[in-house]
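Report on the following structure.
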Amino acid sequence: MNAQEQLREMTRKAHQHEYVCRGLFERKGALSYIGHLDLKAVFERALRRAGLPILYSQGFNPRPMLVFALPLGVGINTEGDWLDVSMEVPVDADEYVRRINEELPDGLRVIRAVSIDEPKNSIMSVVTCASYRIEAKGVTQAVLDLFGQKEIITKKKSKGREVEVDIRPLLIKPLTSSSPDCAEYMCYAGSKQNLRPDVLLKALCEAGFSRAEADEAVITRLELYGGEYPDLSAIEGLT
Amino acid sequence: MSVESPGRYVGGEKNQIIKPIDDSIVRTVFCFPDVYEIGMSNLALQILYKVLNGPEWSSCERAFSPWPDMDKKMRENNIPLYSLETRSPLNEFDVIAFSLGYEMCFTNVLQMLDLGGVPLLAKDRKDTDPIVVAGGPVTCNIEPMADFFDAAFLGEGEEVDLEFTKVIKEYKDAGKKDRKALLRKLADIEGVYVPSLYEPKFEGGRFTGYDIKDNAPSSVRKRIIKDLDSVEYPLSPVIPNNNVVHDRAYLELFRGCIRGCRFCQAGYLYRPVREKSMKTLCEQGIAIMNNTGYDELGILSLSTSDYTELGALTDGLLEVFNKQHSSLSLPSLRIDNFALDLMEKASQTRKTGLTFAPEAGTQRLRDVINKGINEEDIMSSLELAFKGGWSTVKLYFMLGLPTETMEDVEGIANLAIKIEKLYFDTMRSIGAKPRKPEITVSTSMFIPKPFTPFQWEDQNTEEQFLQKQTTIRNMLKKHRNIRYIWHDVKTSCWEGIYARGDRRLCPVILEGYKRGSIFDAWDQFFDYEMWTGILKDNGLSWEDYTQGRTVDDPLPWDNIDVGVRKEFLKREREKAYNEQVTPNCRQQCSGCGATCYKAGICP
Ligand code: SF4
Ligand code: SF4
């Protein structure tokens with residue numbers, strides 16, 4: 001159990017009930033340039049402005065109970081991320097969407113939501129796979145080439161040391177692409193094994209892809225999935 | 001984008017105001033010569049952004065200094081510095097308004113103008129170029145930067161900004177012809193200083209006064225807002241998306257300070273004290289929290305405890321905040337029984353540290369600087385605090401104050417040692433098990449500032465400062481519970497030049513910038529040796545600015561009037577030498593001159 005989950009447990013014990021609004025959100029533009037913690041704070045402030053009855057954690061420093069399915073890196077857009085917000089009382093999903101969207105800054109929007117009564121699993125633990133789109137000149141073929149390799153050794157920083165890892169097992173499959181400059185693929189994601197798109201870009205560059213193009217690449221997370229590949233299921237149903 | 005914190009450069013925050021680009025609108029860009037995260041914590045920015053975006057004929061956008069990594073990229077790729085709102089390069093604006101909060105940001109002003117495609121020197125700007133102005137406390141002596149600014153605002157900006165913009169509107173409507181005539185006209189607005197109309201004279205390397213051109217006013221008086229209750233206050237400020245220095249909303253209780261500590265420029269510059277009413281503050285505090293969604297409200301003022309109805313105000317706010325999981329942050333409290341109680345109530349969380357600013361190590365020197373705080377008071381409040389479970393204390397001092405002797409310096413260390421002993425004695429007396437107390441001693445360097453009774457004093461040299469730091473360090477070496485932290489001596493030495501500088505420093509600053517110096521306020525970028533070299537090349541020395549003035553010498557800021565009279569400052573200086581304290585404005589008016597504003601606390 002990590003610190004956040006512990007806090008969740010404490011709160012769960014102290015409260016009779018936890019009503020979760022699970023929302024699918026997108027982000028783009030200026031909002032894509034902020035980090036995970038900043039994004040969390042942006043949501044927290046919007047929820048407070050909206051006057052929604054958010055549930056706070058127990059303890060010395062009560063925090064609103066927000067859990068993201070998977071952290072979003074700086075510079076990455078999304079069309080399909082999920083956020084769980086715990087409420088003190090049941091909140092209608094559509095009302096939640098309407099009220100929070102009124103307060104979110106441009107570039108962030110909750111697309112739809114479901115209300116969940118007392119979820120059994122943390123949303124973080126259900127994510128297993130993700131799909132991404134990378135837009136850059138000539139990237140489609142470069143990604144396909146990567147999928148053609150048996151192993152993809154790349155350096156990774158782990159506990160301050162550089163270690164070599166094979167990221168090939170983390171790649172699942174390329175998705176059909178309509179353009180030579182737009183690659184889409186599916187890979188493993190979540191708390192057990194995760195392939196960050198910047199790590200993939202790094203591997204692309206190590207295989208000869210242009211660094212300059214990689215620097216300018218537009219990366220979008222398309223969707224998150226739960227379940228065991230190839231039997232995937234939608235996040236909203238995994239409570 | 002492969003730069004650090006790209007969120008700094010994209011805008012897109014809640015409550016950002018984007019107005020159309022239109023010939024009938026005067027476009028101002030508010031420039032903060034430091035990084036976004038620092039600039040966005042600045043209340044003046046939020047206030048003036050609202051004020052200037054008020055009328056339909058005026059718009060205001062924002063720009064910040066790009067960090068060195070971004071600066072480099074922009075130069076390599078010929079990207080101009082642009083505003084966050086409409087991505088317009090700075091040279092497309094009618095007015096470029098800088099907020100100057102500290103002197104060490106000077107080269108960043110040049111960086112921003114340069115990247116924005118604006119001629120650096122005011123005299124090189126054409127009729128259609130932007131009007132470059134400065135505001136903020138530093139403008140009380142803007143001489144070191146005078147060559148780069150077309151005008152400077154003195155004092156508080158809420159009213160003068162729009163008066164100024166109106167004149168610019170006429171100029172723009174008439175097709176922007178005759179910049180010189182425009183500048184002369186701007187000089188007629190109260191509180192606007194146009195440096196080019198004042199030509200400094202020097203004889204034998206000393207400043208002797210100004211040649212005033214074109215019948216400009218002989219002195220320019222700072223502006224103040226008389227009634228803070230009715231002035232615009234940003235209840236829906238721009239809310240940054242990425243983490244700023246202090247992630248909270250702000251409430252300003254009052255302007256000015258009743259105390260008149262003799263080293264403190266703010267204490268004289270913002271006179272007289274004007275409070276907001278408790279009713280206004282309660283309403284504003286609650287509204288701002290609801291509008292922003294912040295979970296902390298920071299109280300702003302020079303000396304929070306001096307607000308007349310602090311208890312009632314904090315009670316009112318906390319009653320609402322406790323229900324909303326919000327907290328109140330109360331800096332600059334004078335620690336006493338009431339303050340301890342308040343701190344306990346305000347932060348339901350853990351006990352934070354206690355802060356004291358005795359500034360000097362002995363009672364004698366504290367009397368010299370008029371710091372109305374004595375050792376018995378510190379000790380008795382600390383005893384209370386220790387009994388109440390506090391164990392973290394921070395103490396702030398200054399080195400190099402006028403009349404300081406080594407006894408005063410040693411007094412700093414001795415006070416810290418006494419406090420350490422007090423902690424263990426107190427714990428023993430109440431039979432509590434002592435924890436490890438954390439006592440922090442922090443010293444900064446005294447820099448004589450304009451418009452204070454110490455404006456004529458010598459500044460300590462680098463060697464003197466270092467020697468004093470070493471003395472304290474050695475005395476505290478064996479005390480494991482006391483931590484000593486000190487400021488970088490070189491930055492302070494250089495800051496002293498700017499503080500009392502004159503126009504001969506303009507080419508020095510320009511040369512420093514051309515050699516690549518920016519972000520001098522950040523110790524890691526400040527190159528003291530390079531700067532002193534440039535000073536020498538210009539036939540100037542550190543001593544020219546920091547040593548040897550008499551009270552009869554003309555001063556470069558004599559043409560600026562902040563309300564406080566020179567005669568009063570001289571009187572205060574004499575009293576300092578006689579170790580006499582002056583009562584605060586609430587106890588008794590000392591006739592400083594600020595009555596001329598007919599506002600606030602003055603009789
Ligand atoms: S209390 Fe003294 S140091 Fe503090 S703001 Fe007032 S005059 Fe300045
Ligand atoms: S005129 Fe008197 S009351 Fe007013 S600021 Fe000066 S000393 Fe204080």
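So that the names make sense, note that chain A is the first sequence line, chain B the second, and so on, each numbered from 1. FYI, side chains are in, hydrogens and waters are out, and symmetry mates aren't considered; it's all heavy atoms of this structure.
Enclosure of atom CD in B:Glu76 by more than 12 non-hydrogen atoms of other residues, nucleotides or ligands within 6.0 angstrom is indicated. Atom NZ of A:Lys28 sits in a sparse spot, with 12 or fewer heavy atoms from other residues, nucleotides or ligands closer than 6.0 Å. More than 12 heavy atoms of other shown residues, nucleotides or ligands fall within 6.0 angstrom of atom CD in A:Glu162.
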Show the numbers, then the answer: is there a side-chain contact (heavy atoms from CB on, under 4.5 Å) between B:Lys14 and A:Arg45? CA-CA 10 Å; B:Lys14 188 86 189 169; A:Arg45 287 191 293 265; over 6 Å; no
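Considering every non-hydrogen atom in both B:Gly12 and A:Ala30, the closest pair reads CA-CB, 4.0 Å.
For the set B:Asn291, B:Asp295, B:Leu84, the count of heavy-atom pairs under 4.5 angstrom toward chain A peaks at B:Asp295. With chain B as partner, the option from A:Val42, A:Asp106, A:Leu47, A:Ile54 having the largest number of non-hydrogen pairs under 4.5 angstrom is A:Val42. Options A:Leu31, A:Leu37, A:Val74 differ in how many heavy-atom pairs under 4.5 Å they form with chain B, and the most are formed by A:Leu31.
With rounding to the nearest 0.5 Å, the separation of CZ in A:Arg49 from OH in B:Tyr294 is 9.0 Å. The line from CD of B:Gln324 to CZ of A:Arg48 is 6.5 Å long, rounded to the nearest 0.5 Å. With values rounded to the nearest 0.5 angstrom, B:Asn242 atom CG is found 12.0 Å from A:Leu39 atom CG.
Residue A:Pro105 forms a side chain to side chain contact (heavy atoms under 4.5 Å, CB included) with just one option from B:Asn241, B:Asn15, B:Ile239, and that option is B:Asn241.
In this structure, no portion of A:Leu108 lies under 4.5 Å from any heavy atom of chain B.
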